[in-house]
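Computed from heavy atoms alone, side chains included, the values below leave out hydrogens, waters and symmetry copies.
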Amino acid sequence: MIDFRYHLVSLISVFLALAVGIALGAGPLEETIGNTLTGQVDQLRSERDQLRTDLDDAGSDLAASDAFVEAAGAELVAGTLAQRRVAVVGLGTVDGDARSAIEAQLTAAGATVSADVTLNEAWSSTDLRSFRQALVGNISSYLDPQPADDATADTSLSEALVQGLTGADPANPDALSADAATLLEFMTTGDSPLVTVEGEITQPADAVVLVAPTVAPDAVATDATPDADEAAAVLQSQIALALVAQTRSEGAVVVDGPVTDGTLVATILGDDSAAEEITTVSDGDTAAGQVSVPLALNARIGGTNGHYGRGGDLTTIPTATTLTPPDRTPVATGDAGAGDAAGDVTGDAGDGAGAGDEGAQG
């Protein structure tokens, strides 16, 4: 059993050590310790000030670079999309200024924005899967070409939207076909419309630009968040739409913000099959990214797939090519041809009858 003397010795030792520490700290070591701590604080302040200066300089350089690119953008993109009609599809709520800037660059490139479309929450909400599946059954007869037999609802609805935006009347290529107009009506009406259209769509698009909402890195859902399933469903529906847009048009481009884990472009780049088919532009919220959009679309229409942006394996700026003007020659349908032939026969018969009447009168 430990007696009182052991405790007494322990307490004396503690107080003795404390006294020695105080004596040394207040005496021989005081200046050394104080100087060391002061030096460390001064160094940290200096490093902080330098980092702040570096950040300000980098921000100034970036602003100057963006200002230059924005000023030179019109010349860089001029004529790269001459005579093209481009449908712009927001993949959710997109920053209005960024979208307007992208459309301005498309216009500067010679394109006409034929449609302004935004996907609603109903497009990918997991709570409305049954509704979307039922809608697929209603629209299938208006799709030409038809999706594959094993196509998902995401793919079938993407076909409906893209065919609605690009479907031209063969006899009048400057107008939407009747089926295209019907598909758009399905997309925009009902209790839970899948998309919202600004203005009226009267002309079919040649190409499609898909603009993703810019998501802050700390707002991206991960496997550990409750919204992981919903986020995955949204990304898969967006990729399905991008693939269909590329297949059913002259070319499509996906525009996103910075490449961070969980964003659309990062997901595409992480999927080899999707990356081989879909052209992407990152930093769409900057002047450089916005100028790259028409150049990337020009390259995609010309047959070059790429991924453009800053850092990593991304290409800094797309290389434009000379495009063949779109062919908008009217094509007579079989029904129209039969009608014309019938009219010719009727006309010939009428002429013959008229000549007979004249002979009889003579």
Side-chain angles (χ1 to χ4, degrees), residues 81-91 99 102-103 106-107 109-120 122-123 132 135-147 151 153-190 192-211 237 240-253 294 297 300-301 323-340:
L81 293 175
Q83 303 179 44
R84 253 66 187 189
R85 300 181 188 131
V86 181
V88 178
V89 180
L91 303 176
R99 182 168 184 158
I102 290 170
E103 293 185 359
L106 292 171
T107 302
T112 299
V113 177
S114 62
D116 265 313
V117 179
T118 300
L119 302 188
N120 295 331
W123 181 268
R132 291 195 298 273
L135 184 58
V136 168
N138 292 332
I139 64 176
S140 60
S141 61
Y142 298 97
L143 297 176
D144 184 19
Q146 288 282 325
D154 285 338
T155 297
S156 296
L157 293 174
S158 296
E159 287 278 5
L161 178 57
V162 175
Q163 289 188 32
L165 295 173
T166 63
D169 182 351
N172 180 14
D174 289 326
L176 287 175
S177 68
D179 283 349
T182 300
L183 289 170
L184 288 178
E185 187 174 358
F186 272 113
M187 296 286 103
T188 57
T189 57
S192 300
L194 299 187
V195 304
T196 297
V197 174
E198 185 172 340
E200 185 179 3
I201 302 175
T202 60
Q203 294 183 320
D206 302 306
V208 182
V209 170
L210 306 162
V211 185
S237 69
L241 178 57
L243 289 169
V244 171
Q246 175 56 42
T247 302
R248 302 297 178 216
S249 70
E250 285 189 327
V253 170
L297 187 56
R300 193 65 185 90
I301 293 173
L323 300 178
T324 302
D327 183 7
R328 306 199 198 282
T329 305
V331 177
T333 62
D335 292 341
D340 292 341

What's the spacing between [X] [atom1] and [Y] [atom2] if we round to 0.5 Å?
| X | Y | atom1 | atom2 | result |
| --- | --- | --- | --- | --- |
| Thr196 | Asp116 | OG1 | CG | 11.5 Å |
| Leu81 | Thr107 | CG | OG1 | 10.0 Å |
| Met187 | Asn120 | CE | CG | 11.0 Å |

Are any non-hydrogen side-chain atoms of [X] and [Y] less than 4.5 angstrom apart?
| X | Y | value |
| --- | --- | --- |
| Val117 | Val195 | yes |
| Ile201 | Leu176 | yes |
| Leu183 | Leu143 | yes |
| Pro330 | Pro173 | yes |
| Leu297 | Val208 | no |

query = Less than 4.0 Å between a side-chain N and a carboxylate O, is that true for Arg300 and Glu250?
reply =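 No, this pair does not count.
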
ask   = Is the side chain of Gln146 donor-acceptor paired with the backbone N or O of Ser140 at a distance under 3.5 Å, no angle test?
value = yes

query = Which pairs with one or both residues in residues 167-190 pass side-chain hydrogen bond (donor to acceptor under 3.5 Å, both in side chains), sequence neighbours excluded?
reply = Arg85-Asp174

query = At their closest point, which heavy atom of Ala180 faces which heavy atom of Gly167, and how far apart are they?
reply = CB-O, 3.6 Å

Which atom of Gly251 lies closest to which atom of Ala207, heavy atoms considered =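 Shortest heavy-atom separation between Gly251 and Ala207 comes out as O-CB, 3.2 Å.
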
inquiry  = Pairing donors with acceptors under 3.5 angstrom, does anything connect the side chains of Ser114 and Arg84?
reply    = no

Under 3.5 Å, which donor-acceptor pairs do the side chains of residues 155-164 form with other protein atoms, sequence neighbours left out?
unit_1	atom_1	unit_2	atom_2	d
Thr155	OG1	Thr152	OG1	3.2
Ser156	OG	Thr152	O	3.3
Ser158	OG	Asp154	O	2.7
Ser158	OG	Leu241	N	3.4
Glu159	OE1	Gln163	NE2	2.9
Glu159	OE1	Arg248	NE	2.9
Glu159	OE2	Arg248	NE	3.2
Glu159	OE2	Arg248	NH2	3.0
Gln163	OE1	Asp144	N	2.9
Gln163	NE2	Pro145	O	3.0

Thr202: side-chain contact (heavy atoms from CB on, under 4.5 Å) partners, not counting sequence neighbours =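 Only Glu200 meet the side-chain contact (heavy atoms from CB on, under 4.5 Å) criterion with Thr202.
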
key: Option from Val209, Leu165, Val211 for which side-chain contact (heavy atoms from CB on, under 4.5 Å) with Val89 holds   = Leu165

